[in-house]
2 protein chains.
Amino acid sequence: MAGRKSPNGSRSEQEGTPEPRRVPMREFSRSLPMSLLRAREAVMRQFRPSLRSHGLTEQQWRILRALTAVDTIEVTELARVAFLLGPSLSRILRDLEARDLIERRIAKADLRRGEVSISSKGLKLIEAVAPTSEAIYAEITHRYGARKLAELQDMLGELERSLAAMEVAGEGEVEADE
Amino acid sequence: MAGRKSPNGSRSEQEGTPEPRRVPMREFSRSLPMSLLRAREAVMRQFRPSLRSHGLTEQQWRILRALTAVDTIEVTELARVAFLLGPSLSRILRDLEARDLIERRIAKADLRRGEVSISSKGLKLIEAVAPTSEAIYAEITHRYGARKLAELQDMLGELERSLAAMEVAGEGEVEADE
DNA sequence: GAAATTTGATTAACATGTTAAGTTATCCGG
DNA sequence: CCGGATAACTTAACATGTTAATCAAATTTC
């Protein structure tokens with residue numbers, strides 16, 4: 001009906017029919033990254049409201065959670081366990097410190113390093129949020145099945161390990177020996 | 001500077017020993033959200049360099065990929081299939097349009113709706129990136145195992161479905177006793 | 001032991017995630 | 001018709017993801 005519809009001049013398609021382009025790629029919605037993204041979002045959707053009601057984002061929660069497992073921890077190590085990039089962590093720590101949920105000091109032995117620990121206020125917050133989080137986690141486990149959940153985590157872990165080997169293997173794909 | 005070290009006044013711990021706090025929660029690094037996050041990151045780490053070398057982010061790629069499967073698509077539907085929130089999509093479409101990778105027009109029947117399609121330039125870009133992406137995907141499949149990969153995706157899909165049921169079920173949990 | 005390099009952390013700049021508010025266009029009951 | 005309610009985006013505002021640059025402190029090298 002309308003004049004020009006088919007913007008792709010190189011295509012021999014006429015207009016009118018919702019013709020899919022022929023780019024031979026995997027069904028998009030079933031790609032592994034999309035599957036993982038959707039699954040994770042489905043999980044986090046359960047937790048976010050509770051965290052938010054306590055004034056915490058997912059990442060802030062991860063950091064505080066990680067801090068409850070140690071006395072003090074260095075920034076780099078914290079980034080590793082909370083799975084955050086340095087810049088993100090820097091910003092969040094600045095905010096958490098301003099809210100008195102954590103405490104920092106500089107390592108005596110190495111003035112470059114920062115040591116972080118949770119404050120008593122932060123600990124109280126964790127203790128306030130934990131029951132709900134645990135309840136949600138229990139509900140998820142129940143709905144999906146504890147057995148299956150454990151299996152899923154095993155498979156995810158193995159996927160990680162499989163890909164870790166690729167990290168460097170593909171580096172020389174262009175150079176061939178550099 | 002080096003004066004006080006133990007900031008948590010309520011804790012009876014001395015300093016020196018890396019004593020973990022006692023907050024009875026699941027091992028942090030093995031939580032389902034973390035497992036999914038790490039797995040997805042391990043996967044995307046493989047693709048990002050290639051996408052980046054073509055000037056595309058992961059999300060921009062998702063959008064263009066989704067557009068190759070249709071002639072035109074409405075913004076809301078595109079958000080659904082590319083799994084992006086409206087605001088993110090709005091910004092990205094603005095950018096992609098400015099780069100002439102997509103084309104938009106307003107639906108004649110409903111002036112609120114926008115119809116999006118990929119441009120020939122966008123299509124060429126897809127065709128330039130696709131081979132490398134497919135090769136990476138094939139390598140991942142090979143390393144992890146095609147059988148296992150399919151099984152993993154099935155399990156992720158079932159996890160989604162399990163949690164979809166929770167969405168509304170937990171709504172009234174707060175008003176019951178708060 | 002001073003210069004060069006490396007390391008730990010932060011800052012900068014840009015893109016996206018997330019929720020809330022705003023805009024314009026449809027729909028709908030009176 | 002008309003005005004309120006909805007719907008489809010879009011903007012706004014703030015937080016994080018991501019890469020590059022910066023900066024100070026530690027390590028290595030000559």
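Below, chain A is the first sequence line, B the second, and so on; all start at residue 1.
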How close or far is atom [atom2] of [N] from atom [atom1] of [X], stated in whole angstroms?
X: B:L37; N: C:dG17; atom1: CG; atom2: P; result: 14 Å
X: A:R113; N: C:dT10; atom1: CZ; atom2: C1'; result: 16 Å
X: B:F83; N: C:dT16; atom1: CZ; atom2: P; result: 16 Å
X: B:R105; N: D:dA8; atom1: CZ; atom2: P; result: 19 Å
X: A:L51; N: C:dT19; atom1: CG; atom2: P; result: 11 Å
X: B:L96; N: C:dA15; atom1: CG; atom2: C1'; result: 12 Å
X: B:I106; N: C:dA25; atom1: CD1; atom2: C1'; result: 11 Å
X: A:R99; N: D:dA15; atom1: CZ; atom2: P; result: 9 Å

[N] phosphate, OP1 or OP2: any side-chain N/O from [X] under 4.0 angstrom?
X: A:R104; N: C:dT10; answer: yes
X: B:S90; N: D:dT11; answer: no
X: B:Q59; N: D:dG17; answer: no
X: A:R80; N: C:dG8; answer: no

Any donor-acceptor N/O pair, B:R30 side chain to A:Q153 backbone, under 3.5 Å | no
If only atom types and distance count, is the side chain of B:Y144 paired as donor or acceptor with the main-chain N or O of A:M155 below 3.5 Å?
-> yes
Could you tell me whether B:R143 and B:E139 have a side-chain N and a carboxylate O separated by less than 4.0 Å?
-> yes
So, are B:D95 and B:R99 salt-bridged, with charged N and O less than 4.0 Å apart?
-> yes
Within the structure shown, what part of the strands sits under 4.0 Å from A:L89 by heavy-atom distance: base, sugar-phosphate, or nothing?
-> nothing
When you check every protein heavy atom under 4.0 Å of nucleotides 18-29 of chain D, what one-letter string (B, S, -) results, 5' to 3'?
-> BBB----BS---
Would you mind listing the cluster partners of A:L85? Hydrophobic ones only (ILVMFWY), side-chain contacts under 4.5 Å, chaining allowed.
-> none
Without placing hydrogens or testing angles, list every side-chain donor-acceptor pair under 3.5 Å for residues 77-84 of chain A, not counting sequence neighbours.
from  : atom 1 : to    : atom 2 : distance (Å)
A:E77 : OE1    : A:R80 : NE     : 3.2
A:E77 : OE2    : A:R80 : NH2    : 2.9

How about B:H142: does its NE2 atom have over 12 heavy atoms from other parts shown lying under 6.0 Å from it?
-> no
